[in-house]
Each structure stands twice: as C-alpha cells, then as structure tokens.
Number of protein chains: 2
Amino acid sequence: MIMTASPAEPKPLTRIQTKNRAAILDAGLEVFSTYGFRGSTLDQIATAAGLSKPNLLYYFPSKEAIHAELLTGLLTTWLDPLKLMRADGDPVPELLGYVRRKLEMSRQFPRESRLFANEILQGAPRIKAALSGELKTLVDAKAQVISKWSKAGLITEIDPHHLIFSIWSLTQHYADFDVQVRAVLGRDVPFDEAEQYLVQLFEKLLKP
Amino acid sequence: MIMTASPAEPKPLTRIQTKNRAAILDAGLEVFSTYGFRGSTLDQIATAAGLSKPNLLYYFPSKEAIHAELLTGLLTTWLDPLKLMRADGDPVPELLGYVRRKLEMSRQFPRESRLFANEILQGAPRIKAALSGELKTLVDAKAQVISKWSKAGLITEIDPHHLIFSIWSLTQHYADFDVQVRAVLGRDVPFDEAEQYLVQLFEKLLKP
DNA sequence: ACAATATTTTACCAACCGGTCAAAGCGAGG
DNA sequence: CCTCGCTTTGACCGGTTGGTAAAATATTGT
C-alpha cells in the first residue's frame with residue numbers, strides 16, 4: 001500500500017489520466033493565455049493537447065473547469081514570491097529579492113503571466129474575490145512591513161502599496177508585452193539587462 | 001462650399017452617419033477592450049451602440065474593419081506623448097513630462113490602453129508591423145537623446161530602452177490592471193498618489 | 001483468458017457566430 | 001403629393017461553438 005489519504009475517497013488517478021490531464025492543462029494554458037477565455041475554443045485546446053474534443057471533455061466537464069483549475073493553481077504561484085519577503089531581513093535585499101523572484105517568474109512562466117494579465121484585463125470575473133480577499137490581505141500585511149522599514153529610516157519614505165504595484169508592473173511587463181519589447185529592441189527579451197536595470201532602479205529609489 | 005479636399009472624392013458624411021459611426025466606434029472600443037478581438041461579438045457591439053447587427057454592418061463592412069479603425073487611430077495617440085519629449089529641453093523635466101502625459105492617458109483613456117494591451121497580449125497580429133516600424137524608429141531616436149543626456153552627465157548612466165519600457169509599464173499598469181489595483185486598495189485608483197509616487201521614483205532614478 | 005473498467009471515437013445537437021439580402025421605412029426637395 | 005436616396009429591419013445562411021449519447025476500443029486486475 002502506497003497511498004490512501006483523504007477521507008472522501010479522492011480516487012487515485014490512472015497513468016493515462018495523469019498524463020492527459022497534464023497535457024490538457026498545458027494546452028489550455030497555451031491557448032487561454034493567448035486568446036483569453038472567450039476567444040479560446042475547446043477544439044484549439046483539444047488539438048494542442050493531441051486529443052479529440054469529446055475526449056478532452058471526458059477529463060474535464062467543461063471549458064470553464066479547465067480555466068478555473070488553471071487560475072486557482074496560478075494564484076498560489078503568484079503569491080509565493082511576496083510571501084517569501086521576510087520582515088526580519090535587511091530591507092533592501094529583501095525587496096530586491098522579491099523583484100528578482102518576480103522577474104524570474106516572468107522569464108520562466110510567461111504564459112502564466114499572460115493568463116493572469118488576460119483575466120485581469122477582462123475584469124477578473126473569475127478571480128475578483130481572490131483579489132480583494134487573499135491577495136489584499138497579503139499585500140496589506142507586507143505593506144505594513146515596508147511602512148515600518150520606512151519609518152525606521154532603513155529605506156526612503158515611500159508609499160508601500162504603490163511600491164508593490166511598481167514591482168508587479170515592471171517585472172510582468174517583460175512577459176506580458178514581450179512581443180512589443182522584442183519588436184522595439186529587434187531581438188529577444190534580454191532578461192539579464194532587465195534585471196540589472198531593475199536593481200539599479202530600486203536601489204536608487206529605496207536609498208533613504 | 002465648405003469642403004472638398006482629397007482627390008478621390010471622400011464623400012461627405014451625413015449627420016446620421018457621423019453620429020452612428022461614432023457610436024459604433026465607442027461601443028467597439030468598450031467591447032474589444034474588455035474581451036479582445038476574438039472574444040467580442042458583433043451583437044455585443046451593435047447592442048452597445050444601440051443598433052441592430054445588420055444596421056451596424058451598414059456602416060462598417062466587417063468586425064475586422066471596426067477593430068482596424070480603432071487600432072490605427074490609437075497608434076497616433078500612443079506615439080504623441082513620446083514625440084513631445086524635446087531633445088533641447090531640461091532632461092529631467094522632459095522625462096517627467098513624458099511620464100505625466102502617459103499617466104494622464106491612463107487616467108483619461110483607460111479603454112484605449114486596455115485595447116492596446118489586449119492586442120499586444122494576443123501577439124499583436126494586427127499591429128506587429130507598426131511596432132517594429134513606426135514605434136521602433138521613434139523609440140530608437142528618443143533613446144539616442146536619452147543616451148546623450150546620460151553621457152553629458154545631466155542624468156544618471158542608464159539604459160534608455162529599459163527606461164522607456166519602465167515608463168510604459170508603470171503608467172499603463174493603473175489603466176490595464178485597474179481591477180486589481182482597486183481590489184487591493186479597496187477604493188478607486190488614486191491617480192494623484194500614483195503621480196506623486198512616479199515622480200519620486202523617476203527623480204531619484206535619474207539623478208546623476 | 002475474460003470480465004470489468006477506463007478510454008476513445010463517431011455521430012449528433014441546439015445555440016451562436018459573422019455576414020448577406022431584399023424589402024420596408026423614412027425624410028427632404030420638387 | 002410623389003419620388004429619390006439614405007437608413008433600418010427581419011428573415012435567412014453556412015460555419016463554428018460548447019457539449020452530449022452511445023457505441024466501439026483499449027487496458028487492467030484476476
């Protein structure tokens with residue numbers, strides 16, 4: 001016996017189920033992040049996953065279900081880098097660490113970033129609750145930490161919420177608008193340059 | 001006689017044509033900026049414009065045509081604030097002026113900002129050419145100006161392209177992600193605070 | 001080998017999509 | 001009044017959409 005945990009019989013997944021559900025979620029991420037929820041079709045996702053449409057619907061009950069599963073999984077990934085910012089660390093390195101982690105997510109998971117951006121752009125109909133719940137709670141808590149650093153003179157006097165917004169926008173820009181960045185630069189997005197630039201920016205900004 | 005300019009007989013518009021075309025473009029902006037091109041339907045746009053679908057198609061030949069007209073009109077609006085940055089002005093006020101103009105556009109034309117963001121997010125299929133053409137040319141020119149300021153010691157040593165990207169992302173964030181900003185803050189987007197914050201940020205960043 | 005179960009396919013449906021068309025309504029000038 | 005051109009409408013079309021039913025096929029445990 002290897003596993004039998006939850007009380008409500010979680011039904012262990014077969015090999016095929018595991019593989020196909022993963023393929024569908026990956027395909028859904030690809031398609032939803034490009035066209036948004038309404039602009040994506042089940043046929044697109046099914047084809048990208050190497051399945052037929054009815055076969056896809058054997059694993060997920062609806063288009064909504066795929067999208068919902070992607071979004072809930074995403075929220076955790078989204079909050080983690082901010083959670084890692086410690087109140088008892090050195091303020092500037094802590095904040096720069098957050099910037100670096102967030103930029104690294106744009107580099108490694110641009111599709112996830114675009115899925116999130118698409119959802120927000122379209123009014124966040126499916127995650128508005130999480131934004132004013134979980135997300136707001138976490139941000140408010142971290143904003144207080146930043147405020148204390150600010151008042152203790154460890155960093156400059158600064159609006160903590162806008163500081164956090166600026167970290168989000170600057171780092172996500174390289175994933176969400178990468179087509180524009182590439183078009184303007186005439187080459188692939190240079191994440192190393194971006195990191196240097198952002199470190200320079202936040203070091204100068206935060207210095208008391 | 002009041003007007004007869006172009007050589008190819010531009011056909012003067014009726015009062016009704018002027019009014020209905022404007023209503024359609026406004027409705028199209030509303031709908032496209034929320035759902036993206038593929039996620040929007042002619043019925044949605046027609047209803048928002050107070051017309052029937054066939055009536056809408058009497059004024060525009062296709063869904064594409066409405067979207068195209070919105071995008072081309074948008075590009076000019078998008079480039080203007082950057083064009084206004086003068087090489088012969090004081091560097092910091094010139095750059096801050098650009099920041100302020102761009103933020104003001106987010107405040108006054110959030111739908112246009114979101115329409116643009118949607119198009120870029122979805123791979124910019126309809127304006128990629130303009131991005132690596134017109135936009136790149138203008139940005140490269142202004143980047144050179146910034147480089148000269150930098151080398152002359154009037155502002156800090158800085159990567160001009162990333163500086164421009166950061167102005168874009170920071171200002172547009174308040175329009176494109178306004179749902180998120182409002183959810184986290186628990187109130188309407190405070191553009192005055194945002195302006196103060198951005199001025200603080202760029203003044204500290206640019207100081208040599 | 002064989003039954004039970006898990007998976008895949010084929011055929012299909014009602015609703016919706018972008019777009020067409022011909023007829024009807026409408027207002028201004030003679 | 002009537003006509004002429006602009007405007008609006010309703011009926012319709014072929015294709016696509018999300019989703020279903022059931023039969024056919026693989027896979028699995030014994």
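Order of the sequence lines fixes the chain letters, A, B, ..., with proteins taken first and strands second; residue numbering starts at 1 for each chain.
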Notebook entry, point to check: Below 4.0 angstrom from OP1 or OP2 of C:dT7, is there any side-chain N or O of A:Q17?
Noted result: yes
Notebook entry, point to check: Regarding B:N20 and B:Y59, is there a side-chain donor-to-acceptor distance under 3.5 Å anywhere?
Noted result: yes
Notebook entry, point to check: What's the CG-C1' distance between A:D43 and D:dG19, to the nearest Å?
Noted result: 11 Å
Check: Are the side chain of B:D90 and the backbone N or O of B:V92 linked by a donor-acceptor pair below 3.5 Å?
Finding: no
Check: To the nearest angstrom, how far is B:R38 atom CZ from D:dT16 atom C1'?
Finding: 11 Å
Next item on the list: Please check the phosphate of D:dT7 (OP1 and OP2 only) for any side-chain N or O of B:Y58 closer than 4.0 Å.
Entry: yes
Check: Taking A:K142 for the side chain and A:M85 for the main chain, is one N or O donor matched with an acceptor at less than 3.5 Å?
Finding: yes
Next item on the list: Remember a base hit wins even if backbone is also touched, and classify A:T41 as base, sugar-phosphate or nothing at under 4.0 Å, heavy atoms.
Entry: sugar-phosphate
Restricting both atoms to N or O, compile the protein contacts to nucleotides 28-30 of chain D shorter than 3.5 Å, with distance only.
from	atom 1	to	atom 2	distance (Å)
D:dT28	OP1	A:R15	NH2	2.6

Checklist line | Interatomic distance, B:K19 NZ vs D:dT8 P [rounded to whole Å] | finding: 7 Å
Checklist line | Spacing of B:F60 atom CZ relative to C:dG18 atom C1', expressed in whole Å | finding: 16 Å
Notebook entry, point to check: Which is it for B:H162 and A:Y174 under the side-chain hydrogen bond (donor to acceptor under 3.5 Å, both in side chains) test, yes or no, and what are the steps along the way?
Noted result: CA-CA 10 Å; B:H162 287 276; A:Y174 291 99; 2.6 Å; yes
Note to self: Rounded to whole Å, please give me the gap between CD1 in A:I66 and P in D:dG19.
What the structure shows: 9 Å
Next item on the list: Check every strand shown and say whether B:Y59 touches a base, only sugar-phosphate, or nothing at a heavy-atom separation below 4.0 Å.
Entry: sugar-phosphate
Note to self: Can you tell me if A:N20 touches the phosphate of C:dT8, counting only side-chain N or O atoms and a distance under 4.0 Å to OP1 or OP2?
What the structure shows: yes
Notebook entry, point to check: Think A:N55 has a side-chain N or O under 4.0 angstrom from the OP1 or OP2 of C:dT7?
Noted result: no
Margin query: Quiz question: by atom type and distance under 3.5 Å, do the side chains of A:Q108 and A:E104 form a donor-acceptor pair?
Written below: yes
Check: Taking the side chain from A:R101 and the backbone from A:P81, do they hold a donor-acceptor pair closer than 3.5 Å?
Finding: yes
Note to self: Suppose we screen for side-chain contact (heavy atoms from CB on, under 4.5 Å). Which residues come up paired with A:P91, at least two apart in sequence or across chains?
What the structure shows: A:W149, A:L154, A:I155
Next item on the list: Using only heavy-atom distances, determine whether the side chains of B:H161 and B:D140 contain a donor-acceptor pair under 3.5 Å.
Entry: yes
For nucleotides 19-24 of chain C, list the nitrogen or oxygen atoms of the protein found under 3.5 Å from its nitrogen or oxygen atoms, one pair per line.
from	atom 1	to	atom 2	distance (Å)
C:dG19	OP2	B:K63	N	2.9
C:dG19	O6	B:K53	NZ	3.4

Notebook entry, point to check: Any side-chain N or O of B:S52 under 4.0 Å from OP1/OP2 of D:dT8?
Noted result: no
Next item on the list: Would you mind reporting whether A:F165 and B:Q180 have side-chain heavy atoms less than 4.5 Å apart?
Entry: no
Notebook entry, point to check: Separation of A:L56 atom CG from C:dA6 atom C1', in whole Å?
Noted result: 17 Å
Notebook entry, point to check: Which whole-number value in Å describes the distance from A:L51 CG to C:dT8 C1'?
Noted result: 9 Å
